[in-house]
Participant: 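Attaching a single structure in structure tokens format; questions to follow.
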Amino acid sequence: MQKKLKLWDAIMLVMGSMIGSGIFIVSADMMRNLGSGFWLVAVWIITGVMTVAAAISYGELSALFPKAGGQYTYLKEIFGKKMGFLYGWGLFTVIQTGTIAAVAMAFGKFTAYLVPSLNDAAPLFQSGEFKITWIQILAIAVILLLTYINTRGVQSGKLLQNVFTGSKIIALLGLIAVGFILVDFSHLAENFSLGFDSFNNLKKDISGNFLKEGWEPIGGMTLLGGIAAAMVGSVFSSVAWESVTFVSGEVENPKRNIVKSMIYGTSAVMILYLAVNYVYLNALDRDSIAFAANDRVAVAASQNIFGSAGTIIIAVLVMISTFGCNNGLILAGARVFQTMAKDGMFFKSAEKNNKNDVPENALWMQGIWASVLCLSGQYGNLLDMISFVIVLFYMITVFGVIYLRFKKPDLERPYKTWLYPVTPIIYLLIGTGFCVLLLIYKQQYTWPGFLMVLLGLPVYYFINRKEQADQ
């Protein structure tokens, strides 16, 4: 593969793949689970520490295995083909493609703010609860357009990524600045006045709307359960940074630039996320965050800052953000499926590069399945299930750093994990706490996604039946 991506391009890919629609929405549900500005910020800080610790740990593996395929390659090299395949299976069936579908749908829904006829139009098809709407068609069109652009070569995808990521970073910085300058009345002191006290609000009326008067004090294990539930949103908003490892084969000096891009990119995004949440806490009181219409906290804050123009400003910002985010996800994901094909773990046709030196078939396979998920209407439910699975795979990969230090201590390591073994252990402790608490308090976020990954086992044995018969 040609080395067409420089360090700056890799950083833009990390940041662009992370910043999608989550930061504009998830803080509402997080506030309902915690009821406190202090705990909202605390969870974002925990997620930030967790994310950067994982990126630092991945750096050692990226320098050891500077090949396309990233996390799939690391897991295969450390723990064998089966573990690598299960990750790749989960990535194709829902993690990468489901995220692409959800981000594309967010683009469609915020476009409908600017073009209300999209919301008002009758469904193109409806049978019971299943329906196909113009918003879904727009989401699919975006996926197919970005897939096509990326088949034209890495330079096309790179240019698009840099322009859109740069635009949304500038827009977010602008929102952060005016979020403190133009707010008439600051709610920061009010939102932090509760200190360490925490509250939960999960009571709904008969229409399914949350009741504002339902706040109840929580503490002890219930608070820990609330923190874990809140982290589902912050974790989902902070994943996909590892996408840059998928394109290692196309990055200049990957042994150095991949680790730099992950550490710089994740650190910058988590600082931006923290600052945006301070804007929410400055512009809105607790109830306005927790009960924002359709969880669109950014819209509520922007209306408070800019007045009636706020909705349009945020709609445009989210459209830019989701468009750029999906470009990064589409560009990177196909490289994993191409690497799997080379290993005999995916459709053989996905292995080939086209005349532009990109895996066109793998790109289209990814794009078509993501489009099917858009039509299914189930992508949102799927994504609720995968935060647990994503963190599990992160944990296995981070553990791989420690495992290799014991198993192969003499390997030449161009980059060694900073503060080893403290950094990987920090991630493993936080990740274990997150997963255990979800298993206790929020099983709906855990076993469905885990079962989906386990469904890959019979597929793996079917693919490898000839190899096993020869043994």
Side-chain angles (χ1 to χ4, degrees), residues 1 3 5-11 13-15 17-18 47-81 83-84 86-88 91 95 235 238-270 332 335-336 339 343 390-432 434-435:
M1 290 185 175
K3 309 287 188 181
L5 300 175
K6 301 182 185 299
L7 174 60
W8 178 253
D9 304 319
I11 293 171
L13 181 56
V14 170
M15 297 183 71
S17 298
M18 288 179 74
T47 306
V49 170
M50 186 180 179
T51 303
V52 176
I56 292 170
S57 302
Y58 270 51
E60 184 165 317
L61 300 178
S62 72
L64 277 171
F65 310 110
K67 314 171 193 173
Q71 192 170 352
Y72 160 76
T73 300
Y74 309 157
L75 291 170
K76 186 194 71 171
E77 295 285 347
I78 300 169
F79 300 111
K81 287 171 63 177
M83 183 64 76
L86 286 177
Y87 172 73
L91 200 73
I95 294 173
V235 166
S238 309
V239 297
W241 50 267
E242 76 281 7
S243 290
V244 72
T245 69
F246 301 163
V247 296
S248 296
E250 292 156 277
V251 175
E252 286 184 357
N253 194 4
K255 290 184 178 182
R256 291 177 58 84
N257 287 343
I258 294 294
V259 62
K260 284 184 177 180
S261 67
M262 287 192 294
I263 295 171
Y264 296 163
T266 55
S267 300
V269 169
M270 297 317 299
R335 272 63 179 182
V336 180
T339 304
D343 295 337
I390 291 173
V391 171
L392 268 184
F393 277 120
Y394 280 165
M395 287 173 64
I396 293 168
T397 310
V398 169
F399 174 72
V401 176
I402 299 172
Y403 178 76
L404 273 185
R405 287 284 188 109
F406 283 99
K407 187 178 179 184
K408 297 183 178 180
D410 298 328
L411 274 179
E412 183 185 347
R413 290 172 168 82
Y415 165 83
K416 291 186 177 181
T417 298
W418 182 60
L419 291 181
Y420 176 90
V422 175
T423 304
I425 288 173
I426 285 174
Y427 185 85
L428 292 172
L429 288 174
I430 298 174
T432 300
F434 172 70
C435 290

Participant: Is there a donor-acceptor contact under 3.5 Å from the side chain of T266 to the main chain of T51?
Facilitator: no

Participant: What's the separation between atom CG in D9 and atom CD in E250, rounded to the nearest 0.5 Å?
Facilitator: 11.5 Å

Participant: Closest heavy-atom contact between A332 and V247?
Facilitator: CA-CG1, 3.8 Å

Participant: With the side chain counted from C-beta on, respond yes when K255 and Y415 share a heavy-atom pair under 4.5 Å apart, and no when they do not.
Facilitator: no

Participant: Between S261 and L7, which heavy-atom pair has the shortest distance, and what is it?
Facilitator: N-CD1, 3.9 Å

Participant: Quick one: closest heavy-atom pair of V398 and P424, and the distance?
Facilitator: CG1-CB, 3.5 Å

Participant: Would D343 and K81 count as a side chain to side chain contact (heavy atoms under 4.5 Å, CB included) if you check the C-alpha gap in whole Å, the side-chain angles of each, and the deciding distance to 0.1 Å?
Facilitator: CA-CA 9 Å; D343 295 337; K81 287 171 63 177; 5.9 Å; no

Participant: Do Q71 and Y87 have a side chain donor and acceptor closer than 3.5 Å?
Facilitator: yes

Participant: So, do T47 and M270 sit near enough that their side-chain heavy atoms are less than 4.5 Å apart?
Facilitator: yes

Participant: So, the side chain of S248 versus the backbone of T245: is there a donor-acceptor pair under 3.5 Å, distance only?
Facilitator: yes

Participant: Could you label the plane-to-plane angle of the F79 and F399 rings as parallel, tilted or perpendicular, counting under 30° as parallel and over 60° as perpendicular?
Facilitator: parallel

Participant: To the nearest 0.5 Å, what is the distance between CG on L91 and CZ on F393?
Facilitator: 9.0 Å

Participant: Check this for me, if you would: do E77 and K67 make a salt bridge, where the nitrogen-to-carboxylate-oxygen distance has to be below 4.0 angstrom?
Facilitator: yes

Participant: Please report the C-alpha distance between C435 and M395 in whole Å, then the side-chain angles of each, then the deciding distance to 0.1 Å, and finally whether the side chain to side chain contact (heavy atoms under 4.5 Å, CB included) criterion is met.
Facilitator: CA-CA 10 Å; C435 290; M395 287 173 64; 4.2 Å; yes

Participant: Restricting to non-hydrogen atoms, name the atom on G59 and the atom on V259 that form the minimum distance, rounded to 0.1 Å.
Facilitator: CA-CG2, 3.4 Å

Participant: Evaluate the side chain to side chain contact (heavy atoms under 4.5 Å, CB included) criterion for residues L5 and V244: first the C-alpha distance (whole Å), next the side-chain angles of each, then the deciding distance (0.1 Å), finally the verdict.
Facilitator: CA-CA 10 Å; L5 300 175; V244 72; over 6 Å; no

Participant: If you count every heavy atom of other residues, nucleotides or ligands that lies below 6.0 Å from Y420 atom OH, does the total exceed 12?
Facilitator: yes

Participant: Does the side chain of L419 reach to within under 4.5 Å of the side chain of I426, using non-hydrogen atoms?
Facilitator: no

Participant: Any salt bridge (Lys or Arg N to Asp or Glu O under 4.0 Å) involving residues 51-64? Give me the pairs, sequence neighbours left out, ordered by first then second residue.
Facilitator: E60-R405, E60-R413

Participant: Could you measure the distance from the CD1 atom of I396 to the CG atom of L75? Nearest 0.5 Å is fine.
Facilitator: 7.0 Å

Participant: Within a strict 4.5 Å, meaning less than it, do heavy atoms of the V401 and T423 side chains meet?
Facilitator: no

Participant: Test of understanding: with side-chain contact (heavy atoms from CB on, under 4.5 Å), list the residues that count as partners of L429, not counting sequence neighbours.
Facilitator: I425

Participant: Taking all non-hydrogen atoms of both residues into account, name the closest pair between Y427 and A53 and its distance.
Facilitator: CB-CB, 4.2 Å

Participant: What closest approach, in Å, do M15 and A268 show between heavy atoms, and which atom pair accounts for it?
Facilitator: CE-CB, 3.7 Å

Participant: Kindly determine whether Y394 and V239 satisfy side chain to side chain contact (heavy atoms under 4.5 Å, CB included), including the steps that lead there.
Facilitator: CA-CA 10 Å; Y394 280 165; V239 297; 3.6 Å; yes

Participant: Once you round to the nearest 0.5 Å, how far does NZ of K416 lie from CG of L64?
Facilitator: 10.5 Å

Participant: Between atom CG of L428 and atom CE of M50, what is the distance when rounded to the nearest 0.5 Å?
Facilitator: 9.5 Å

Participant: At what distance, to the nearest 0.5 angstrom, does CZ of F65 lie from CD1 of I78?
Facilitator: 5.5 Å

